[in-house]
Amino acid sequence: MKKWLLGLVFVLAAGALAACGGNSESKDKAAGVNSKDVKIGATAGPYSDMLQKAIVPRLEKKGYKVKVVEFSDYIQPNKALDNGDIQANLFQHTIYLENFAKQNNMKLSALITVPTAPMGIYSNKFKSIDKVKVGATVTIPNDPTNGARALNTLRDEGLITIKEGADPLTVSEKDIAENKKNLKFQPIEAGQLPRSVDSADLACVPGNFALAAKMNLLDALALENMNDKYRNIVAVKTENKDSQLAKDIKDVIQSSDFEKVIDDQFKGFGKPEWMK
(Lines give C-alpha, C1' and ligand atoms only; values in the text may rest on other atoms or scores of the structure.)
Protein backbone atom coordinates (compact mmCIF):
# COMPACT_ATOMS: atom_id res chain seq x y z
CA MET A 1 0.00 0.00 0.00
CA LYS A 2 2.79 2.35 0.97
CA LYS A 3 4.56 1.56 -2.31
CA TRP A 4 1.37 2.38 -4.23
CA LEU A 5 1.00 5.73 -2.43
CA LEU A 6 4.68 6.52 -2.99
CA GLY A 7 4.27 5.80 -6.72
CA LEU A 8 1.19 8.01 -6.91
CA VAL A 9 3.04 10.88 -5.25
CA PHE A 10 5.91 10.46 -7.70
CA VAL A 11 3.57 10.55 -10.72
CA LEU A 12 1.73 13.62 -9.45
CA ALA A 13 5.01 15.39 -8.73
CA ALA A 14 6.33 14.58 -12.19
CA GLY A 15 3.11 15.87 -13.71
CA ALA A 16 3.39 19.10 -11.77
CA LEU A 17 6.97 19.61 -12.91
CA ALA A 18 5.99 18.96 -16.52
CA ALA A 19 3.18 21.50 -16.23
CA CYS A 20 5.58 24.06 -14.80
CA GLY A 21 7.98 23.36 -17.64
CA GLY A 22 5.19 23.84 -20.17
CA ASN A 23 4.15 27.15 -18.66
CA SER A 24 7.76 28.33 -18.64
CA GLU A 25 8.16 27.43 -22.30
CA SER A 26 4.96 29.28 -23.19
CA LYS A 27 6.18 32.34 -21.33
CA ASP A 28 9.52 32.16 -23.15
CA LYS A 29 7.72 32.05 -26.51
CA ALA A 30 5.52 34.97 -25.55
CA ALA A 31 8.58 36.92 -24.45
CA GLY A 32 10.20 36.19 -27.79
CA VAL A 33 7.25 37.69 -29.64
CA ASN A 34 7.45 40.86 -27.60
CA SER A 35 11.24 41.00 -27.37
CA LYS A 36 13.16 44.06 -28.47
CA ASP A 37 15.93 41.82 -29.82
CA VAL A 38 15.56 42.36 -33.57
CA LYS A 39 17.25 41.04 -36.69
CA ILE A 40 17.08 43.04 -39.93
CA GLY A 41 18.42 41.65 -43.19
CA ALA A 42 20.18 43.43 -46.04
CA THR A 43 22.47 42.65 -48.93
CA ALA A 44 26.09 43.63 -48.29
CA GLY A 45 26.85 47.12 -49.55
CA PRO A 46 25.05 50.47 -49.41
CA TYR A 47 21.82 49.24 -47.84
CA SER A 48 23.59 47.32 -45.12
CA ASP A 49 25.53 50.57 -44.55
CA MET A 50 22.27 52.52 -44.46
CA LEU A 51 20.98 50.23 -41.74
CA GLN A 52 24.19 50.47 -39.71
CA LYS A 53 24.60 54.24 -40.03
CA ALA A 54 21.11 55.69 -40.30
CA ILE A 55 18.57 53.24 -38.90
CA VAL A 56 20.04 50.91 -36.26
CA PRO A 57 21.47 53.63 -33.97
CA ARG A 58 18.07 55.31 -33.76
CA LEU A 59 16.24 52.04 -33.16
CA GLU A 60 18.67 51.32 -30.35
CA LYS A 61 17.80 54.67 -28.80
CA LYS A 62 14.23 53.38 -28.71
CA GLY A 63 15.38 50.39 -26.65
CA TYR A 64 15.93 47.80 -29.38
CA LYS A 65 18.95 45.51 -29.64
CA VAL A 66 19.46 45.15 -33.40
CA LYS A 67 21.55 42.67 -35.36
CA VAL A 68 22.08 43.32 -39.06
CA VAL A 69 22.16 40.06 -41.04
CA GLU A 70 23.94 40.36 -44.40
CA PHE A 71 22.98 38.25 -47.41
CA SER A 72 24.84 37.68 -50.66
CA ASP A 73 21.82 37.12 -52.93
CA TYR A 74 18.29 38.40 -53.51
CA ILE A 75 16.52 35.15 -52.58
CA GLN A 76 17.48 34.38 -49.00
CA PRO A 77 16.49 37.74 -47.40
CA ASN A 78 12.82 37.19 -48.25
CA LYS A 79 12.93 33.52 -47.28
CA ALA A 80 14.41 34.48 -43.91
CA LEU A 81 11.72 37.14 -43.46
CA ASP A 82 8.93 34.72 -44.32
CA ASN A 83 10.38 32.11 -41.93
CA GLY A 84 10.61 34.61 -39.08
CA ASP A 85 14.41 34.36 -38.89
CA ILE A 86 14.55 38.14 -39.37
CA GLN A 87 11.89 40.76 -38.63
CA ALA A 88 12.50 43.11 -41.59
CA ASN A 89 14.78 43.49 -44.59
CA LEU A 90 16.13 46.26 -46.81
CA PHE A 91 17.47 45.38 -50.26
CA GLN A 92 14.68 45.34 -52.88
CA HIS A 93 12.17 47.57 -54.63
CA THR A 94 8.42 47.18 -54.59
CA ILE A 95 8.14 45.48 -57.99
CA TYR A 96 10.62 42.79 -57.01
CA LEU A 97 8.95 42.24 -53.63
CA GLU A 98 5.47 41.89 -55.14
CA ASN A 99 6.63 39.45 -57.83
CA PHE A 100 8.72 37.37 -55.41
CA ALA A 101 5.94 37.14 -52.83
CA LYS A 102 3.41 36.11 -55.47
CA GLN A 103 5.65 33.48 -57.05
CA ASN A 104 6.60 32.00 -53.66
CA ASN A 105 3.19 32.28 -51.98
CA MET A 106 4.48 34.60 -49.26
CA LYS A 107 2.64 37.39 -47.47
CA LEU A 108 5.21 40.18 -47.39
CA SER A 109 4.56 43.92 -47.52
CA ALA A 110 6.47 47.11 -48.23
CA LEU A 111 6.64 49.22 -45.08
CA ILE A 112 8.32 52.42 -46.27
CA THR A 113 10.41 53.60 -49.22
CA VAL A 114 13.98 54.77 -48.59
CA PRO A 115 16.52 56.85 -50.56
CA THR A 116 17.99 54.71 -53.30
CA ALA A 117 21.08 54.79 -55.50
CA PRO A 118 19.77 55.80 -58.97
CA MET A 119 20.80 54.54 -62.35
CA GLY A 120 23.33 56.82 -63.99
CA ILE A 121 24.50 57.51 -67.55
CA TYR A 122 28.29 57.26 -67.43
CA SER A 123 30.88 57.99 -70.09
CA ASN A 124 34.62 58.21 -70.52
CA LYS A 125 34.12 59.60 -74.03
CA PHE A 126 31.80 62.56 -73.47
CA LYS A 127 31.80 65.27 -70.82
CA SER A 128 28.09 66.07 -71.06
CA ILE A 129 24.88 64.75 -72.58
CA ASP A 130 24.75 67.50 -75.19
CA LYS A 131 28.17 66.37 -76.51
CA VAL A 132 26.95 62.84 -77.37
CA LYS A 133 27.59 62.15 -81.04
CA VAL A 134 25.35 60.55 -83.64
CA GLY A 135 25.75 56.78 -83.72
CA ALA A 136 27.10 56.52 -80.18
CA THR A 137 27.02 53.08 -78.58
CA VAL A 138 25.01 52.69 -75.36
CA THR A 139 25.14 49.71 -73.06
CA ILE A 140 21.90 49.08 -71.17
CA PRO A 141 20.76 46.29 -68.81
CA ASN A 142 19.39 43.21 -70.58
CA ASP A 143 16.72 42.50 -67.95
CA PRO A 144 13.28 44.07 -68.54
CA THR A 145 13.01 46.06 -65.29
CA ASN A 146 16.42 47.74 -65.44
CA GLY A 147 16.20 48.04 -69.21
CA ALA A 148 13.03 50.10 -68.83
CA ARG A 149 14.77 52.32 -66.27
CA ALA A 150 17.63 52.94 -68.71
CA LEU A 151 15.31 53.91 -71.56
CA ASN A 152 13.31 56.23 -69.29
CA THR A 153 16.54 57.94 -68.22
CA LEU A 154 17.71 58.37 -71.81
CA ARG A 155 14.27 59.81 -72.62
CA ASP A 156 14.44 62.25 -69.71
CA GLU A 157 17.79 63.49 -71.05
CA GLY A 158 16.30 64.10 -74.50
CA LEU A 159 18.27 61.38 -76.32
CA ILE A 160 15.20 59.37 -77.32
CA THR A 161 11.42 59.68 -77.18
CA ILE A 162 9.00 56.96 -76.08
CA LYS A 163 5.70 56.14 -77.75
CA GLU A 164 2.74 57.88 -76.15
CA GLY A 165 0.82 55.61 -73.82
CA ALA A 166 3.70 53.20 -73.19
CA ASP A 167 3.88 51.97 -69.59
CA PRO A 168 7.07 53.49 -68.11
CA LEU A 169 7.56 50.39 -65.94
CA THR A 170 7.71 48.05 -68.94
CA VAL A 171 9.08 50.10 -71.85
CA SER A 172 11.53 48.37 -74.17
CA GLU A 173 13.37 49.21 -77.37
CA LYS A 174 10.20 48.52 -79.39
CA ASP A 175 8.56 51.45 -77.57
CA ILE A 176 11.12 53.98 -78.83
CA ALA A 177 9.36 56.51 -81.03
CA GLU A 178 12.39 58.57 -82.03
CA ASN A 179 16.11 57.94 -81.69
CA LYS A 180 17.48 61.40 -82.50
CA LYS A 181 21.16 60.47 -82.24
CA ASN A 182 20.76 57.04 -83.87
CA LEU A 183 22.10 55.47 -80.69
CA LYS A 184 23.29 51.88 -80.97
CA PHE A 185 21.95 49.87 -78.01
CA GLN A 186 23.96 47.01 -76.56
CA PRO A 187 21.96 45.10 -73.89
CA ILE A 188 24.23 43.25 -71.44
CA GLU A 189 23.96 41.73 -67.98
CA ALA A 190 23.58 44.48 -65.38
CA GLY A 191 26.58 43.32 -63.36
CA GLN A 192 28.85 43.86 -66.39
CA LEU A 193 27.74 47.45 -67.03
CA PRO A 194 30.40 49.17 -64.89
CA ARG A 195 33.13 47.55 -67.04
CA SER A 196 31.38 48.66 -70.20
CA VAL A 197 32.08 52.32 -69.39
CA ASP A 198 35.55 51.81 -70.87
CA SER A 199 34.37 50.23 -74.12
CA ALA A 200 31.03 51.90 -74.93
CA ASP A 201 30.36 55.58 -75.56
CA LEU A 202 27.65 55.63 -72.87
CA ALA A 203 26.73 53.13 -70.18
CA CYS A 204 23.49 53.07 -68.19
CA VAL A 205 24.57 51.59 -64.86
CA PRO A 206 22.14 50.82 -61.98
CA GLY A 207 23.23 52.50 -58.76
CA ASN A 208 23.86 49.34 -56.75
CA PHE A 209 26.24 47.99 -59.41
CA ALA A 210 27.94 51.37 -59.75
CA LEU A 211 28.61 51.51 -56.01
CA ALA A 212 29.80 47.89 -55.92
CA ALA A 213 32.34 48.84 -58.61
CA LYS A 214 33.50 51.83 -56.49
CA MET A 215 32.04 54.33 -58.96
CA ASN A 216 30.98 57.77 -57.74
CA LEU A 217 27.31 58.40 -58.42
CA LEU A 218 28.02 62.08 -58.89
CA ASP A 219 30.40 61.31 -61.78
CA ALA A 220 27.43 60.35 -63.96
CA LEU A 221 26.51 62.65 -66.84
CA ALA A 222 22.93 62.28 -65.61
CA LEU A 223 21.15 60.46 -62.82
CA GLU A 224 17.81 58.73 -63.09
CA ASN A 225 14.62 60.52 -62.10
CA MET A 226 13.53 57.35 -60.36
CA ASN A 227 9.95 56.09 -60.16
CA ASP A 228 9.16 55.26 -56.53
CA LYS A 229 8.32 51.70 -57.60
CA TYR A 230 12.06 51.27 -58.26
CA ARG A 231 13.19 52.69 -54.94
CA ASN A 232 14.21 50.27 -52.24
CA ILE A 233 11.86 49.56 -49.38
CA VAL A 234 11.91 48.13 -45.89
CA ALA A 235 9.82 44.95 -46.06
CA VAL A 236 8.06 43.07 -43.27
CA LYS A 237 5.65 40.15 -43.02
CA THR A 238 2.19 41.45 -43.84
CA GLU A 239 0.85 40.33 -40.47
CA ASN A 240 3.44 42.56 -38.77
CA LYS A 241 3.03 45.75 -40.80
CA ASP A 242 1.12 47.43 -37.95
CA SER A 243 3.38 46.12 -35.17
CA GLN A 244 5.20 48.43 -32.79
CA LEU A 245 8.50 47.55 -34.47
CA ALA A 246 7.07 48.57 -37.86
CA LYS A 247 5.85 51.86 -36.41
CA ASP A 248 9.24 52.53 -34.84
CA ILE A 249 11.12 51.75 -38.08
CA LYS A 250 8.91 54.20 -39.96
CA ASP A 251 9.36 56.80 -37.24
CA VAL A 252 13.15 56.47 -37.49
CA ILE A 253 13.22 56.72 -41.30
CA GLN A 254 10.87 59.71 -41.32
CA SER A 255 13.06 61.60 -38.83
CA SER A 256 15.25 64.59 -39.65
CA ASP A 257 18.24 62.71 -38.18
CA PHE A 258 17.84 59.98 -40.80
CA GLU A 259 17.69 62.50 -43.64
CA LYS A 260 20.80 64.25 -42.34
CA VAL A 261 22.79 61.01 -42.48
CA ILE A 262 21.55 60.41 -46.04
CA ASP A 263 22.60 63.93 -47.09
CA ASP A 264 26.02 63.57 -45.44
CA GLN A 265 26.97 59.98 -46.27
CA PHE A 266 24.83 58.81 -49.18
CA LYS A 267 25.39 61.55 -51.72
CA GLY A 268 23.62 61.05 -55.02
CA PHE A 269 20.91 58.81 -53.58
CA GLY A 270 17.48 59.77 -54.90
CA LYS A 271 14.89 60.52 -52.25
CA PRO A 272 11.34 59.09 -52.41
CA GLU A 273 8.34 61.34 -53.00
CA TRP A 274 7.40 61.44 -49.32
CA MET A 275 10.75 63.09 -48.46
CA LYS A 276 10.41 65.90 -51.01
Side-chain angles (χ1 to χ4, degrees), residues 28-117 145 207-208 211-212 226 228-262 265-266 269-275:
D28 286 344
K29 287 183 178 179
V33 170
N34 298 316
S35 172
K36 283 208 167 187
D37 285 356
V38 174
K39 292 181 181 179
I40 304 178
T43 46
Y47 300 102
S48 175
D49 291 344
M50 186 178 292
L51 280 173
Q52 299 279 15
K53 295 177 180 180
I55 297 175
V56 171
R58 286 146 190 85
L59 281 176
E60 290 179 339
K61 286 183 178 179
K62 290 179 176 289
Y64 291 93
K65 182 179 179 182
V66 186
K67 179 180 179 181
V68 175
V69 181
E70 290 193 349
F71 296 88
S72 59
D73 63 48
Y74 285 7
I75 306 297
Q76 297 308 315
N78 280 336
K79 285 189 174 181
L81 182 59
D82 184 61
N83 291 337
D85 295 332
I86 59 177
Q87 285 68 57
N89 67 38
L90 171 55
F91 77 98
Q92 64 196 319
H93 52 57
T94 302
I95 295 174
Y96 181 86
L97 172 69
E98 291 175 348
N99 288 337
F100 189 95
K102 183 177 180 180
Q103 291 170 5
N104 292 278
N105 195 29
M106 295 177 179
K107 293 184 178 179
L108 308 178
S109 295
L111 182 63
I112 188 169
T113 311
V114 301
T116 304
T145 298
N208 57 322
L211 292 172
M226 189 181 289
D228 263 10
K229 283 278 191 178
Y230 293 137
R231 296 190 198 279
N232 280 8
I233 48 92
V234 175
V236 296
K237 291 185 75 169
T238 302
E239 66 190 58
N240 296 328
K241 66 180 181 179
D242 295 319
S243 67
Q244 188 58 50
L245 173 62
K247 293 175 183 177
D248 287 336
I249 290 174
K250 289 179 70 174
D251 184 58
V252 164
I253 292 174
Q254 290 170 339
S255 70
S256 58
D257 286 345
F258 174 83
E259 187 167 11
K260 185 177 187 304
V261 175
I262 297 301
Q265 301 188 44
F266 295 84
F269 278 55
K271 295 179 180 178
E273 289 299 322
W274 67 262
M275 290 186 76

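Position 1 is the first residue of the sequence, and the numbers go up from there.
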**Asked** Judged by atom type as modelled, is there a donor-acceptor pair below 3.5 Å linking the side chain of Ser255 to the main-chain atoms of Val252?
**Response**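 The answer is yes, because a donor-acceptor pair under 3.5 Å joins these two groups.
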**Asked** Counting distance only, does the side-chain N/O of Lys36 pair as donor-acceptor with the main-chain N or O of Lys62 below 3.5 Å?
**Response**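 Yes, Lys36 side chain to Lys62 backbone: donor-acceptor pair under 3.5 Å.
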**Charged N-O contact under 4.0 Å between Lys79 and Asp82** =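 Result for this pair is no, no salt bridge flagged.
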**Asked** Can a salt bridge be assigned to the pair Glu273 and Arg231 using a cut-off of 4.0 Å between side-chain N and carboxylate O?
**Response**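 The answer is no: the pair does not qualify as a salt bridge.
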Let me confirm one number: the [atom1]-[atom2] distance from [X] to [Y], rounded to the nearest 0.5 Å.
X	Y	atom1	atom2	answer
Ile233	Ile95	CD1	CD1	11.5 Å
Tyr74	Leu97	OH	CG	13.5 Å
Met275	Asp228	CE	CG	11.5 Å
Ile75	Asn104	CD1	CG	7.5 Å
Thr238	Leu108	OG1	CG	6.0 Å

**Message:** When you compare the side chains of Asn78 and Gln92, does any donor N or O come within less than 3.5 Å of an acceptor on the partner?
**Reply:**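 A donor-acceptor contact under 3.5 Å links the two side chains.
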**Item:** Between Asp248 and Gln244: side-chain donor-acceptor atoms closer than 3.5 Å
**Value:**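 There is such a pair between these side chains.
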**Request:** In sequence, state the C-alpha distance, the side-chain angles, and the governing distance for Val56 and Val68, and then conclude on side-chain contact (heavy atoms from CB on, under 4.5 Å).
**Result:** CA-CA 8 Å; Val56 171; Val68 175; 3.7 Å; yes
**Request:** Show the numbers, then the answer: is there a side-chain contact (heavy atoms from CB on, under 4.5 Å) between Phe71 and Ile86?
**Result:** CA-CA 12 Å; Phe71 296 88; Ile86 59 177; 4.2 Å; yes
**Asked** Does Asn105 CG have over 12 foreign heavy atoms under 6.0 Å away?
**Response**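 No, not enclosed.
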**Message:** Heavy-atom count check: over 12 atoms from other residues, nucleotides or ligands less than 6.0 Å from Lys53 NZ?
**Reply:**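 Atom NZ in Lys53 is packed in, count exceeds 12.
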Nearest heavy-atom neighbours spanning [X] and [Y]:
X	Y	result
Pro272	Pro115	CD-N, 3.7 Å
Pro46	Phe266	O-CE2, 3.5 Å
Leu211	Ala117	CD1-CB, 3.8 Å
Leu111	Lys241	CD1-O, 3.8 Å

**Asked** Under the side-chain contact (heavy atoms from CB on, under 4.5 Å) criterion, do Val261 and Asp257 qualify, and how do the steps go?
**Response** CA-CA 6 Å; Val261 175; Asp257 286 345; 5.9 Å; no
Could you tell me whether the side chain of [Y] reaches within less than 4.5 Å of the side chain of [X], counting heavy atoms only?
X	Y	result
Val114	Phe269	no
Ile253	Arg58	no
Asn232	Asn208	no
Met50	Phe258	yes
Leu90	Leu51	yes
Asp49	Gln265	no
Leu81	Lys237	yes

**Message:** Test side-chain contact (heavy atoms from CB on, under 4.5 Å) on Leu245 and Val236; report intermediate values, then the result.
**Reply:** CA-CA 10 Å; Leu245 173 62; Val236 296; over 6 Å; no
**Request:** Run through Thr116, Thr145, Thr94 and flag the one making a side chain to side chain contact (heavy atoms under 4.5 Å, CB included) with Tyr230.
**Result:**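 Checked Thr116, Thr145, Thr94 against Tyr230; only one passes side chain to side chain contact (heavy atoms under 4.5 Å, CB included): Thr145.
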